[in-house]
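For reference, positions follow the sequence shown, starting with 1. Note that this is a predicted model, so its numbers are computed, not measured.
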Amino acid sequence: MFKRLAPGQDTLPDICRVEVLIRERFYVGNSDIILVSQDAGTKPGFPPLETNVIFWKNEIRYRLKLFTPVAHVMGEDLPV
């Protein structure tokens, strides 16, 4: 009936690591919000887990979808 909103204990360190990668790559300040989640893939033929990132910079919203689990996200997976 209710969906758990918190990340699994095993993914929290990876979520924090991806947040740091986003801050460094896109020069996002410490006061700006970054949301990182690992979600189940819903489209046939796509990987079963994907990483979704939403962040705001200068009041503009950006969204990234990476077709890999959060544990496998590296700096080279992020767009330029």
Side-chain angles (χ1 to χ4, degrees):
M1 181 170 161
F2 294 104
K3 182 178 177 184
R4 183 179 62 144
L5 297 177
Q9 292 295 334
D10 56 336
T11 61
L12 192 55
D14 291 316
I15 287 174
C16 293
R17 181 181 55 78
V18 170
E19 180 183 345
V20 170
L21 289 173
I22 295 293
R23 286 194 191 281
E24 291 173 352
R25 173 65 56 95
F26 299 106
Y27 306 106
V28 178
N30 289 333
S31 62
D32 293 320
I33 297 172
I34 299 176
L35 303 173
V36 179
S37 66
Q38 176 177 274
D39 304 309
T42 57
K43 296 182 175 138
F46 283 81
L49 293 173
E50 61 188 30
T51 301
N52 291 294
V53 179
I54 299 173
F55 66 94
W56 287 262
K57 182 177 174 186
N58 300 325
E59 299 187 24
I60 298 173
R61 180 180 178 250
Y62 297 89
R63 181 175 177 226
L64 301 172
K65 183 180 290 265
L66 305 166
F67 296 103
T68 186
V70 70
H72 298 154
V73 174
M74 299 296 165
E76 55 268 8
D77 297 325
L78 302 176
V80 179

Heavy-atom donor-acceptor pair, [X] side chain to [Y] backbone, under 3.5 Å:
X: Asp14; Y: Thr11; value: no
X: Arg17; Y: Val70; value: yes
X: Arg23; Y: Gly29; value: yes

Atom [atom1] in [X], atom [atom2] in [Y]: separation rounded to 0.5 Å?
X: Leu66; Y: Gln38; atom1: CG; atom2: CD; answer: 11.5 Å
X: Met74; Y: Leu21; atom1: CE; atom2: CG; answer: 8.5 Å
X: Lys65; Y: Asn52; atom1: NZ; atom2: CG; answer: 4.0 Å
X: Arg63; Y: Phe55; atom1: CZ; atom2: CZ; answer: 12.5 Å
X: Ile15; Y: Thr51; atom1: CD1; atom2: OG1; answer: 8.5 Å

TODO: May I ask you to check whether Tyr62 and Phe26 place their ring centers less than 6.0 Å from one another?
DONE: no
Open item on the list: Could you work out, with side-chain contact (heavy atoms from CB on, under 4.5 Å) as the rule, every residue matching Pro47, not counting sequence neighbours?
Closed with: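 Pro47 satisfies side-chain contact (heavy atoms from CB on, under 4.5 Å) with Phe67 only.
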- [ ] With sequence neighbours excluded, tell me which residues meet side-chain contact (heavy atoms from CB on, under 4.5 Å) with Ile33.
- [x] Leu35, Trp56
Open item on the list: Quick check on the hydrophobic clustering: are Ile54 and Ile60 connected, directly or via other members, by side-chain heavy-atom contacts under 4.5 Å?
Closed with: no
Open item on the list: Do Leu49 and Leu78 land in one hydrophobic cluster if side-chain heavy atoms of ILVMFWY residues count as linked below 4.5 Å?
Closed with: no
- [ ] Assess whether side-chain contact (heavy atoms from CB on, under 4.5 Å) is satisfied between Ile22 and Leu64, documenting all intermediate values.
- [x] CA-CA 10 Å; Ile22 295 293; Leu64 301 172; 3.8 Å; yes
Open item on the list: Are more than 12 heavy atoms, taken from residues, nucleotides or ligands other than Glu76, located less than 6.0 Å from that residue's CD atom?
Closed with: yes
Task: Set of residues satisfying salt bridge (charged side-chain N to carboxylate O under 4.0 Å, His left out) with respect to Arg25, sequence neighbours excluded - done: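 Testing Arg25 for salt bridge (charged side-chain N to carboxylate O under 4.0 Å, His left out), a comparison that skips the adjacent residues, returns none.
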